Engineer: 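Supplied in structure tokens, the structure appears directly below.
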There are 2 protein chains.
Amino acid sequence: MNEKASPLIDPLEHLLGYQLRRASLTTLSALSEAYEALDLRLTDAIVLRFVAANPGCNQGEISKALGVRRTNMVPVVSGLVDRGLIDRAAADGRTHALTLTAAGATMHDRIDALARANEERFFGGFDAETRAMLLHALATIRARGEG
Amino acid sequence: MNEKASPLIDPLEHLLGYQLRRASLTTLSALSEAYEALDLRLTDAIVLRFVAANPGCNQGEISKALGVRRTNMVPVVSGLVDRGLIDRAAADGRTHALTLTAAGATMHDRIDALARANEERFFGGFDAETRAMLLHALATIRARGEG
DNA sequence: TATTGTTATACTCTATAACTATA
DNA sequence: TATAGTTATAGAGTATAACAATA
């Protein structure tokens with residue numbers, strides 16, 4: 001029969017938007033698999049990072065920064081509180097100030113180590129100038145969507 | 001009260017993996033909105049492109065090329081057949097050869113125009129050398145995930 | 001009146017298991 | 001035995017509407 005390795009012509013090869021998606025999925029699925037060892041999803045890890053960087057923030061602020069709906073933040077934060085990784089303290093009557101617990105801080109260190117390893121795996125082969133250029137290009141692309 | 005525009009420190013700003021995701025979502029959601037005028041989803045458009053570039057291919061080959069499960073390809077192809085955009089002809093007893101109908105070819109032209117406009121919007125501001133560099137970097141990233 | 005957090009809900013996307021028919 | 005297509009289903013992710021409590 002036909003034994004060609006890749007019998008199809010790829011009409012998307014030159015489309016930057018599509019290649020951006022495939023590359024993004026590649027790095028994120030690898031990171032997601034790494035986080036499984038910590039029983040965390042990507043969003044859990046991102047929220048822990050935000051709380052670590054912004055102690056006392058509330059979940060509405062995190063939602064806005066991540067560009068996700070307020071409603072979808074609820075089960076994520078609640079889950080992290082239930083697991084004892086985040087502490088939720090009443091700030092005013094309707095806002096809760098979020099901070100990492102000691103267990104959350106330990107988890108954050110593990111997250112950071114896995115994320116750094118993932119960055120090294122996928123981007124470590126590029127020199128500093130190329131990485132800076134990539135970062136700048138990605139920020140430019142995002143700005144073109146928001147503007 | 002606190003009137004800062006962005007009160008949160010973004011701990012993900014330097015992470016290429018995360019910025020890759022945000023940039024990818026930016027370009028894809030814009031393209032997805034553009035396709036709504038044609039009543040097509042992103043996957044529909046991609047499949048039409050593959051059939052256009054590879055007349056006579058089957059849906060298993062498309063699945064493999066796109067990196068999606070066989071099972072999830074079924075409703076996509078069936079929907080395009082039902083809408084008269086793709087023709088499905090028995091090749092052997094279990095394989096169907098897919099080709100574009102005349103309506104499918106017309107739709108493909110519209111898809112291509114919208115995709116080109118989207119590429120121009122998000123990547124047209126980069127010079128040819130930068131775009132080539134981006135494309136090469138993205139391919140390299142993907143290869144590091146598959147290897 | 002606007003904002004924060006919440007519940008309920010629905011739709012899309014993606015993933016697995018199991019089945020039929022065919023090579 | 002392996003492959004192509006399919007069905008049913010379950011899990012994520014993401015969307016909207018509506019509500020209570022508070023600013």
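As the structure is a prediction and not an experimental result, all values here were calculated from the model.
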Engineer: Can you find an N or O donor on one side and an acceptor on the other, under 3.5 Å apart, linking the side chain of B:T71 with the base of C:dT16?
Structural biologist: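 Indeed there is one.
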
Engineer: When only distance counts, do a donor and an acceptor, one from the side chain of A:R94 and one from the base of D:dT22, lie under 3.5 Å apart?
Structural biologist: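 Check passes, donor-acceptor contact within cut-off.
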
Engineer: For B:R142, is there an ion pair with B:E146 - N to carboxylate O distance below 4.0 angstrom?
Structural biologist: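 Here B:E146 pairs with B:R142 in a salt bridge, since their nearest N and O are under 4.0 Å apart.
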
Engineer: May I ask you to say what A:R70 touches in the nucleic acid, namely base, sugar-phosphate or nothing, with a heavy-atom cut-off under 4.0 Å?
Structural biologist: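 Base, at least one base atom sits under 4.0 Å.
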
Engineer: With a 3.5 Å cut-off and heavy atoms only, can you find an N or O donor on one side and an acceptor on the other between the side chain of B:R69 and the base of C:dT14?
Structural biologist: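 Such a pair does not exist between side chain and base.
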
Engineer: Does NZ or CZ of A:R144 lie under 6.0 Å from the centre of the six-membered ring of B:F126, at an angle within 45° of the ring axis?
Structural biologist: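 The answer is yes; both the distance and angle limits are met.
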
Engineer: Would the base of C:dA15 count as contacting B:N72 through its side chain, where contact means a donor and an acceptor less than 3.5 Å apart?
Structural biologist: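 Result: at least one qualifying N/O pair found.
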
Engineer: Starting from the 5' end of DNA chain C, give me the residue, A:E61 or B:L42, whose nearest nucleotide shows up first.
Structural biologist: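 The residue mapped nearer the 5' terminus is A:E61.
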
Engineer: Nearest to the B:V74 side chain among D:dT7, C:dT6, D:dG13, which nucleotide is it?
Structural biologist: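 From the listed options, D:dT7 comes nearest.
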
Engineer: Choosing from C:dA23, D:dG5, C:dT6, which nucleotide comes nearest the side chain of B:Q59?
Structural biologist: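 The listed nucleotide nearest to B:Q59's side chain is D:dG5.
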
Engineer: Is the closest basic N to carboxylate O distance between A:R131 and A:D127 below 4.0 Å?
Structural biologist: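 A:D127 and A:R131: not salt-bridged.
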
Engineer: Between A:R21 and A:T95, who's closer to the 5' end of DNA chain C by nearest nucleotide?
Structural biologist: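 Its nearest nucleotide lies further toward 5', so the answer is A:T95.
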
